[in-house]
Number of protein chains: 2
Amino acid sequence: MFSKSCQYAIRAVIYLTAHGREGQNTGVKEIAEALQVPQQFLAKILQELVRHHLLSSVKGPNGGFFLSEKNLKMSLLEVVECIDGKAVLTSCVLGLPQCSGVNPCPLHHQFVTCREGMREMLVNKKITEISADLLPQVSRF
Amino acid sequence: MFSKSCQYAIRAVIYLTAHGREGQNTGVKEIAEALQVPQQFLAKILQELVRHHLLSSVKGPNGGFFLSEKNLKMSLLEVVECIDGKAVLTSCVLGLPQCSGVNPCPLHHQFVTCREGMREMLVNKKITEISADLLPQVSRF
DNA sequence: GAAGTTCATGTTTTCAAAATCCTGTCAGTA
DNA sequence: TACTGACAGGATTTTGAAAACATGAACTTC
Ligand code: FES
Ligand code: FES
């Protein structure tokens, strides 16, 4: 469904909503260890999110990543589309070059229902809401 | 979502339900050309389906692949699970090692709904029913 | 302002999926 | 039997995601 990069990105963001202390930055090292994910690889992904203004960072000692007020308003959908591209939620389940109702593949009509449900989930799960859920699970392994 | 191998497999099976002439076998060449898919690679995939008795074949001149009465009763889910493994429809959307309600990730509850919808689709779409749909689209490219 | 910490970025390596190559096997035909 | 057409299957190459490596740039503290 989602690429590994994307899964790492989502888990990292969720981790930050749950464990990001107020006014205190969280380093890649801590996140990577908590999520049991390759640190250098995760760093690349977080940088991508920062470039797209979905995440904030500060350099230097006591630096790290954090979610600004603005960041907290974003949905997971934006994270997914940033890492995996918009196509993940618009492309044909059978890999056909175009996906639309005008020239649908045999599975199209039923598949779009699933896909929209997925989009729904990613949009409704505002980053800020997630911490309300049972959250230690992102770092489960 | 599904691997390329799996997409090819589904499209090939759908193609056979639509274009498989009665009592006449269809060669890999024809299928591969219709689907615009690498022939040798598709051959491998079809062989895998034959090994799992989801598809039938005969060797020699005028040989090829076809769907037996028994094959026609199978669902696309069996095709998917044969190629991509059962895990595709049971694994965690965030890539966590286990997926179940007892220790769910933050997206679990909403995700299982989508996933079950997907399974539903693959089970209900009996191979024999599909040809009723608008079918030339599998070979669109 | 020197040293150390942490994010940023470009390059390289690893690995598995995707694709190709090549030979074997079986069945039909003459 | 010999020949040909098609599937079967092992071995190899290609490709791209995933991961690791190495270096640079910004910031803090002393
Ligand atoms: S055309 Fe295949 S899912 Fe839309
Ligand atoms: S635990 Fe993540 S989807 Fe079930």
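Residue numbers start from 1 in every chain, and the chains themselves are labelled A, B, ... in the order their sequence lines are given, proteins ahead of strands. Quantities reported herein were computed from a predicted structural model and do not represent experimental measurements.
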Among all residues two or more places apart in sequence or in another chain, which pass the ring pair (Phe, Tyr, Trp, His ring centres under 6.0 Å) test with B:Phe65?
-> none
Could you give the start and end, 5' to 3', of the contact zone on DNA chain C for chain B, using atoms under 4.0 Å from its heavy atoms?
-> C:dA18 to C:dA27
Report the residues that fulfil side chain to side chain contact (heavy atoms under 4.5 Å, CB included) with [X], sequence neighbours left out, ordered by chain and then residue number.
| X | value |
| --- | --- |
| A:Glu120 | A:Asn124 |
| B:His53 | none |
| B:Val112 | B:His108, B:Arg115 |
| A:Lys59 | none |

Does A:Lys73 pair with A:Glu69 as a salt bridge, N-O distance under 4.0 Å?
-> no
First of B:Phe41 and A:Gln47 reached from the 5' end of DNA chain C, by closest nucleotide = A:Gln47
Could you name each residue pair satisfying salt bridge (charged side-chain N to carboxylate O under 4.0 Å, His left out) that touches residues 89-102 of chain B, not counting sequence neighbours?
-> none
CD of B:Glu48 versus P of D:dG9: gap in Å, rounded?
-> 9 Å
In whole angstroms, how far is the C1' atom of D:dG9 from the CG atom of B:Leu42?
-> 15 Å
What residues, two or more places apart in sequence or in another chain, satisfy side chain to side chain donor-acceptor pair (under 3.5 Å) together with B:Glu30?
-> B:Tyr15, B:Arg21
Contact pattern, 5' to 3', of nucleotides 25-30 of chain D - B, S or - by protein heavy atom under 4.0 Å | -BBS--
When A:Gln39 and B:Val28 are each assigned the nearest nucleotide of DNA chain D, the 5'-most assignment goes to B:Val28
Under 4.0 angstrom between B:Arg51 side-chain N/O and D:dA8 OP1 or OP2 | no
Hey, is the side chain of B:Ser57 poking within less than 4.0 Å of OP1 or OP2 on D:dA8, counting only N and O atoms?
-> yes
Supply the members, apart from B:Val58, of the Ile/Leu/Val/Met/Phe/Trp/Tyr cluster built from side-chain contacts under 4.5 Å; use none for a lone residue.
-> B:Phe66
Verdict with reasoning, A:Lys44 to A:Glu48, per salt bridge (charged side-chain N to carboxylate O under 4.0 Å, His left out) | CA-CA 6 Å; A:Lys44 281 270 160 64; A:Glu48 191 69 21; over 6 Å; no
Scan residues 81-92 of chain A for pairs that pass side chain to side chain donor-acceptor pair (under 3.5 Å), counting only residues two or more places apart or in two chains.
-> A:Ser3-A:Asp84
Any N/O pairs under 3.5 Å between the protein and nucleotides 11-17 of chain D? List them or say none.
{"unit_1": "D:dA11", "atom_1": "N6", "unit_2": "B:Lys44", "atom_2": "NZ", "d": "3.1"}

